[in-house]
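Below is one structure, written out as C-alpha cells; comments come after it.
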Amino acid sequence: MKYNFDEIIDRRGTHSTKWEIDTAHQPLVPNAISMWIADMDFAVAPPITEALRDAVERRIYGYSDNEFAEYKQAVSGFYHRRHGWQMNLEQMVYACGIVPALSQIVAHATAPGDGVIIQPPVYPPFSRVTSDNGRRIVENPLIYENGEYRMDFEDLARKAADPKNTLMILCSPHNPVGRVWTPEELREVYRICHENGVLLVSDEIHCDLLREGETHTPMLSLFPDAQDLVACVAPTKTFNIAGLGCSFVFVPNPELRQKITDGIGELIVNPLTTEAVIAAYSRCDDWLDALRAYLDENYRFFRESLCKRLPKATMPRMAGTYLAWPDISAYTTDTMALEKLLAERGLSVEAGVRFGAQGEGFLRINLACPRSYIAKAVEILADALTE
Ligand SMILES: Cc1ncc(COP(=O)(O)O)c(C=O)c1O
C-alpha cells in the first residue's frame with residue numbers, strides 16, 4: 001500500500017478540537033478514541049507536507065496573495081478533472097471557511113425575520129448561522145423510508161411558496177445522512193426555489209468523499225449562470241486541512257457577489273494555506289483515490305462489525321461523506337444519554353439529535369480514522385447498549 005492509512009498518529013496534546021474535548025466540551029477521558037468532529041486522523045498527502053515544509057523552511061510568513069493564475073488554475077483544474085465542472089472563476093469569492101461564508105450569505109441575501117429552509121437532520125451550523133443572524137429556521141425534514149433518505153418535495157414547495165422564506169441551504173452531499181443527490185433531485189430543488197424566488201445555497205464541501213461508483217453533480221454544472229444560486233466548495237475536508245481555513249464561494253449574481261465579498265471583508269491570506277491548497281488540488285489525486293478506497297473498506301468493516309454485535313442496528317446506504325449514521329433506535333432512543341455514557345467509557349461520538357429532532361435514535365460516527373479505532377468503537381458501543 002502506497003499510503004498507510006492504518007498508521008496511528010497521536011493527536012492528543014496538539015490542541016486538536018477533536019482530541020482535546022468531547023461533544024459536551026468536556027476533556028476526553030484518558031485513552032479515549034474520538035470520532036466526532038469531521039476531520040480525519042490520517043496524515044495528509046505527501047505533496048501537501050512537502051509544500052508546507054518548503055514554505056516553513058523559508059522562515060518568513062509575511063502578507064501574502066492568492067489572486068494569481070497558478071492558484072486559480074489549481075482550483076478549477078481539480079473540479080474539472082474530478083467532477084466535469086467548468087468553473088467560472090469570475091464568480092469565485094475566497095473565504096476562510098464555509099460556515100463564516102454561509103453566515104455572510106444569510107446576512108446579505110435575506111432580511112431580519114426571513115425564513116431559511118434547511119433539511120434536517122443536518123449539519124447544525126446551518127441552523128446556527130440562521131438564528132445568529134436573526135432569521136427563522138424553516139425545516140423541510142428529509143424522509144427516511146426503507147433504509148433510504150429522500151427529500152420531501154411537496155413540503156419544500158409549500159415552504160418555498162411562503163414569500164417570507166427567502167433562502168435555502170442545501171447540503172450536497174448530505175451530512176450526516178450520506179446521500180449523494182441525483183441530478184434529477186438537484187434540478188427539482190432548484191426548480192422549486194427558482195419558481196418561488198428562494199435563493200438556493202448549495203454546500204458541497206463533502207463532494208470528493210464518495211463511495212466507489214458514486215458521482216457528485218455540482219449544482220453550478222447544471223445551472224452555470226443561475227442568478228439565484230450560490231455554491232460552496234473547499235479543499236479542507238477532502239485533504240484534511242480544515243485547520244488551515246480555506247473555502248470558495250461561487251456567486252453568479254454580481255451584486256450579491258459584491259455584497260458577500262464586502263461582508264467577508266479584508267482577509268489576511270495565510271501563505272501556508274496557499275501552498276497547501278495548490279499542492280492539494282494539483283498533485284494529490286492518487287492519494288485521494290487511495291483514501292476513498294480505504295474509506296469504502298471502513299464503511300464495510302463498520303457495518304459488518306455493527307451487525308455482528310448489534311443485530312438490530314441498521315444504517316442507511318451511505319454514498320458520500322466519511323461519516324456513519326447508524327440507526328440504533330432498537331436499543332435506545334435517548335442518544336444524548338448514550339453519547340454521555342460513551343464519552344465516559346472512552347468513545348466520543350455525536351448523538352443524532354444534535355442534527356435535529358429527526359436524528360433521535362441515530363449516532364454520527366466519523367469513520368475517517370485507522371480501522372483499529374473502528375473495531376474498538378464498535379466494542380464500546382455494543383457493550384454500552386447490551387449490558
Ligand atoms: C456540510 C458542511 N459544511 C461546512 C463544514 C465546515 O466548513 P468550514 O470548516 O469551511 O467552515 C462542514 C464540516 O463538517 C460540513 O459538514
Side-chain angles (χ1 to χ4, degrees), residues 91 98-99 101-145 148-177 179-207 216-233 249-253 255-257 259-260 355-359:
Q91 299 172 349
I98 289 187
V99 174
L102 287 177
S103 183
Q104 289 307 320
I105 296 165
V106 170
H108 290 92
T110 65
D114 278 8
V116 172
I117 303 172
I118 60 170
Q119 297 183 307
V122 74
Y123 182 57
F126 288 5
S127 320
R128 213 165 54 227
V129 297
T130 301
S131 43
D132 285 358
N133 276 300
R135 274 55 167 174
R136 279 178 304 108
I137 299 159
V138 177
E139 295 197 344
N140 165 230
L142 297 179
I143 296 174
Y144 186 49
E145 243 171 28
E148 278 269 325
Y149 278 93
R150 62 185 165 85
M151 294 192 207
D152 185 343
F153 288 119
E154 277 174 30
D155 179 67
L156 178 60
R158 261 193 310 277
K159 286 173 179 158
D162 180 341
K164 290 202 228 65
N165 299 337
T166 54
L167 188 141
M168 170 172 181
I169 310 178
L170 173 74
C171 199
S172 174
H174 190 98
N175 168 12
V177 311
R179 268 300 315 273
V180 175
W181 306 114
T182 62
E184 293 71 33
E185 286 170 311
L186 295 172
R187 283 182 198 281
E188 185 61 2
V189 178
Y190 177 68
R191 184 191 68 75
I192 293 172
C193 288
H194 177 69
E195 288 178 2
N196 290 286
V198 172
L199 178 72
L200 179 60
V201 181
S202 179
D203 177 347
E204 303 181 13
I205 195 168
H206 292 278
C207 70
H216 167 74
T217 306
M219 237 339 168
L220 276 170
S221 69
L222 296 177
F223 306 101
D225 296 312
Q227 299 296 295
D228 46 4
L229 191 54
V230 173
C232 309
V233 293
V249 184
F250 287 79
V251 193
N253 181 302
E255 281 113 59
L256 181 58
R257 191 188 317 139
K259 280 192 203 163
I260 293 170
F355 298 78
Q358 304 79 1

Legend entry - Euclidean distance, Q119 CD relative to R150 CZ, rounded to 0.5 Å: 12.5 Å

Legend entry - Side-chain (E185) to main-chain (P183) donor-acceptor, under 3.5 angstrom: no

Legend entry - Polar side-chain atom of D152 near backbone of P141 as donor-acceptor pair, under 3.5 Å: no

Legend entry - Side-chain donor/acceptor of H194 to backbone N/O of Y190, under 3.5 Å: no

Legend entry - Which atom of I205 lies closest to which atom of D203, heavy atoms considered: N-OD1, 3.1 Å

Legend entry - Charged N-O contact under 4.0 Å between E188 and R191: yes

Legend entry - Between CD on residue E184 and CG on residue L222, distance to nearest 0.5 Å: 9.5 Å

Legend entry - Candidate list R136, R158, R135, K159, test side-chain hydrogen bond (donor to acceptor under 3.5 Å, both in side chains), partner N165, passing option: R136

Inset, instruction - Determine whether L167 and I105 make a side-chain contact, defined as any pair of heavy atoms from C-beta on separated by less than 4.5 Å. - result: yes

Legend entry - Under 3.5 Å: donor-acceptor pair, side chain of N133, backbone of S103: yes

Inset, instruction - Specify the closest pair of heavy atoms between I192 and N196, including all atoms of both residues, with the distance to one decimal. - result: O-ND2, 2.7 Å

Legend entry - Side-chain donor/acceptor of Q91 to backbone N/O of P224, under 3.5 Å: yes

Inset, instruction - Taking the side chain as every heavy atom from C-beta outward, state whether Y123 and I118 have any atom pair closer than 4.5 Å. - result: no

Legend entry - CA sep, side-chain torsions, deciding dist, call: L156, V189, side-chain contact (heavy atoms from CB on, under 4.5 Å): CA-CA 8 Å; L156 178 60; V189 178; 4.3 Å; yes

Inset, instruction - Check D228 against L199 and note the closest heavy-atom contact, atom names and distance. - result: C-CD1, 3.4 Å

Inset, instruction - Only one of V251, L102, I169, V99 passes side chain to side chain contact (heavy atoms under 4.5 Å, CB included) with C232; say which it is. - result: L102

Inset, instruction - Have a look at L170 and tell me which of V201, L186, I117, V122 forms a side chain to side chain contact (heavy atoms under 4.5 Å, CB included) with it. - result: L186

Inset, instruction - Any chance you could measure M168, atom CE, to L200, atom CG, to the nearest 0.5 Å? - result: 6.0 Å

Legend entry - Check: E139 side chain, P120 main-chain N or O, donor-acceptor pair, under 3.5 Å: no

Legend entry - Shortest non-hydrogen contact between L220 and F250, atoms and distance: CD1-CB, 3.4 Å

Legend entry - Inter-residue atom distance H216.NE2 - C207.SG, 0.5 Å rounding: 4.5 Å

Legend entry - Whether H174 and W181 hold their rings parallel, tilted or perpendicular, with breakpoints at 30° and 60°: perpendicular

Inset, instruction - Please name the pair of heavy atoms, one in V106 and one in V129, separated by the smallest distance, quoted to 0.1 Å. - result: CG1-O, 3.9 Å

Inset, instruction - Locate the shortest heavy-atom distance separating S127 from I137; write the atom from each residue and the value. - result: CB-CD1, 3.5 Å

Inset, instruction - Compare all side-chain heavy atoms of P218 with those of E204 and state whether any distance is below 4.5 angstrom. - result: yes

Inset, instruction - Could you go through the side-chain contact (heavy atoms from CB on, under 4.5 Å) check for Q358 and L142 one step at a time? - result: CA-CA 8 Å; Q358 304 79 1; L142 297 179; over 6 Å; no

Inset, instruction - State the NE2-CD distance between H108 and E255, to the nearest 0.5 angstrom. - result: 14.0 Å

